[in-house]
Amino acid sequence: MRLNSVAKSILIACLTAFFAISANAQAPKLIKIKFDDPIARVQPNMWGVFFEDINFGADGGIYAELIKNRSFEFAKPLMGWSILRSRPQEGEVLVVNREAENAANPRYLQIKKMSDDFELINEGFKGIGVKKGMRYDFSVLYRQLQPGVKMVLLLKDSNKKIIGQGVFTPDQSGSDWKKQSVSFLARETNPRAKFSINFQGKGSIDLDMISLFPGDTWKNRKQGLRADMVQLLADMKPGFIRFPGGCIVEGTDLANRYQWKHTIGPIEERKMLINRWNTEFAHRPAPDYYQSFGLGFFEYFQLAEDIGSDALPILNCGMACQFNTGEVASLDELDPYVQDALDLIEFANGEVTTKWGRKRADLGHPKPFNLKMMGVGNENWGPQYLERLAIFTKAIKAKYPDFKLINSSGTDPEGDRFNLLNTSLRENKADFIDEHYYRPADWFLKNAGRYDNYPRNETKVFVGEYAVHADKKIIGSERNNWQSALASASLMTGLERNADVVQMASYAPLFAHIDGWQWAPDLIWVDNLQSYGTPDYYVQKLFSTNKGTDVVSITLDEKNIIGQDGLFASSVLDKGKKELIIKIANNSDQSQNLDFDLQGETRLKSKGTIDELVSENLKQLNSFENPEALSPKTSSIYLKGRKLNATLKPYSFNLIKIPFN
Ligand code: AHR
């Protein structure tokens, strides 16, 4: 076939363009890693988790109690309970208050069984999740004024079909308060069952702390934590657990602040408190949200120990939430607040011969918990915070000079409030400044270099709360989409690169119940029976399980990789495991062909791995039905000498590991 000259020129132009485009698409970018030249140490506890009882994260969540309002201390004493009887009898069920005798737990239920049988029903938090074949442990505090009442325990589905049954026969001797338990099995699985007590016979019995726990708690501890939720945490190997918050530390006013001393010891003596998320958001009211403190400070320390994390308690600094009352403790009455902080250190670390060390031992943990740090204040700000913080700091450092204190920088990572605190706290040589950012994805991308020029001195940064907040039109669990997680991952490379400055970080909040959340996004979503990690969870897990020991330089055109062509990167060595780890996010809609030049003398093995978190759908989610839709997929990669070529997929986060000798 003969082409005329016009056709020839078109063909040549097309071929030239084609080769130009392919050459361009294929021309690898050169990324240099200075392998033998660490630039910073990574703290072993760098990547942690933030726990707060928000979104029914503790009560109704990880604390496995299934009975709501078990001690009748909600503002409405029978909230969560209902009574089913054919012929009502006045005075058969009474809420009795004995405040003078028991101020921490004043109310109980008095049952006077006179005629027909009736039922007392508890709806659970958002229903009661029960599993076929599982053991359920019922317990109650009771005293009998007139023996003769028999209690049949029932689990029922929404059609009132009985799906589990036990019998509780009160001990007939004596009329003192006593605790007794009985266990029974569930015959069916149901995520929203109800629990009821069918009262039979005649007599009078007082009841309190009516409780039901599943038999499969974490480490099979009686009245313990939900194993599936703890397991998700344990799998992350978090460096620390920040607890108990968050704003619940502050309380809406000082009377409703979190007080750790009220959260230890027998659960019936832990004074219940309204949860500040009960009323915080008018559009997400939670009238049945209270803090039973079944998960209290001893359990937090125990949890941290179980999963190998440092405990990081945050204490009230004598200030209530400044978005609410902003009430402050008078400076000359700050002593009890400061004393709480000093006593907490003794509770965690003191010899068993000390007052608070003895209490820890009595709770079953004579060995110290080795507490190293604590936060004074959550999101507090202004000169009133600085004044109070100074008093705490002086007292704590006088007694425990090496103990590290976390200071607040308020609610935002910029602005007047932030600037005042950031400047003053640095002048005061604060150990750690706690920065919080809940911002859109593009803020995260623009701030990946935030710490590259931060002051390098004794004051370190703790990024104590952060999460990408998508457009407000996206609600609930849909906010934990891939776009958010990828932007977080991108910023986190900037935290890692600056691990000499940013020594700890935790995504927030941690848990949310799908039927009871107030705040989204959240790292892990749960219902009454199941839990799943969001794409953010897998990002966090990749960082925390591959934290390394030393940061090394990774550059593109001799510059930090903070957004060139949508790339964000950091790199660490793990000297213990003998691995070079590269974390690199591709935030563009194009594949990226990269040549990694691994500069140094250390001998690398020729085969490594790449974990890819990837979806071209930025709205991609995980869900109860498909919990690992977006989770890392691992494959092998091969080096040629000291060179590695890799093509990063569009919208991907990649963790490359290369072993060395
Ligand atoms: O993480 C949710 C809330 O966000 C925390 O309670 C508070 O510290 C912040 O404002």
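First listed ligand is number 1; within each ligand, the first listed atom is number 1. Because the structure is a prediction, the values reported are computed rather than measured. Only heavy atoms go into these numbers, but all of them, side chains included; no hydrogens, no water, no symmetry mates.
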Show which atoms of ligand 1 fall inside a sub-4.0 Å distance from at least one heavy-atom site of Trp277.
6 (O)
Quick one, Asn622 with Glu628, criterion side chain to side chain contact (heavy atoms under 4.5 Å, CB included). Give me CA distance, side-chain angles, the key distance, then yes/no.
CA-CA 6 Å; Asn622 289 341; Glu628 294 183 358; 5.7 Å; no
Using a strict 4.0 Å cut-off to heavy atoms of Tyr438, name the atoms of ligand 1 that fall inside it.
1 (O), 2 (C), 4 (O), 9 (C)
Under a 4.0 angstrom heavy-atom cut-off, which atoms of ligand 1 come close to Pro509?
1 (O), 2 (C)
Step by step, work out the side chain to side chain contact (heavy atoms under 4.5 Å, CB included) result for Trp277 and Trp519.
CA-CA 9 Å; Trp277 300 106; Trp519 180 293; 4.2 Å; yes
Partner set under side-chain hydrogen bond (donor to acceptor under 3.5 Å, both in side chains) for Arg192, not counting sequence neighbours:
Asp515
Any Asn378 heavy atom less than 4.0 Å from ligand 1:
yes
Between Gln291 and Asn275, does any side-chain donor sit less than 3.5 Å from a side-chain acceptor?
no
For Gly245, is the nearest heavy atom under 4.0 Å from an atom of ligand 1?
no
Give the atom numbers and elements of ligand 1 that come within less than 4.0 Å of a heavy atom of Glu379.
7 (C), 8 (O), 9 (C), 10 (O)
Does a sphere of radius 6.0 Å around NZ in Lys261 hold more than 12 heavy atoms from other residues, nucleotides or ligands, not counting ones at 6.0 Å or beyond?
yes
Any nitrogen or oxygen of Phe50 lying under 3.5 Å from a nitrogen or oxygen in ligand 1? Just yes or no.
no
Protein contact to atom 6 (O) of ligand 1 [nearest heavy atom, distance to 0.1 Å]:
Glu52 OE1, 2.5 Å
Among all protein heavy atoms, pick out the one at the shortest distance from atom 9 (C) of ligand 1; state its residue, atom name and that distance to 0.1 Å.
Glu465 OE1, 3.0 Å
For Lys397, does the NZ atom sit with more than 12 other heavy atoms under 6.0 Å from it, leaving out its own atoms?
yes
Mind checking what makes side chain to side chain contact (heavy atoms under 4.5 Å, CB included) contact with Ala320, not counting sequence neighbours?
Leu254, Thr325, Glu327
If we only consider heavy atoms of Phe323, is any one of them less than 4.0 Å away from an atom in ligand 1?
no
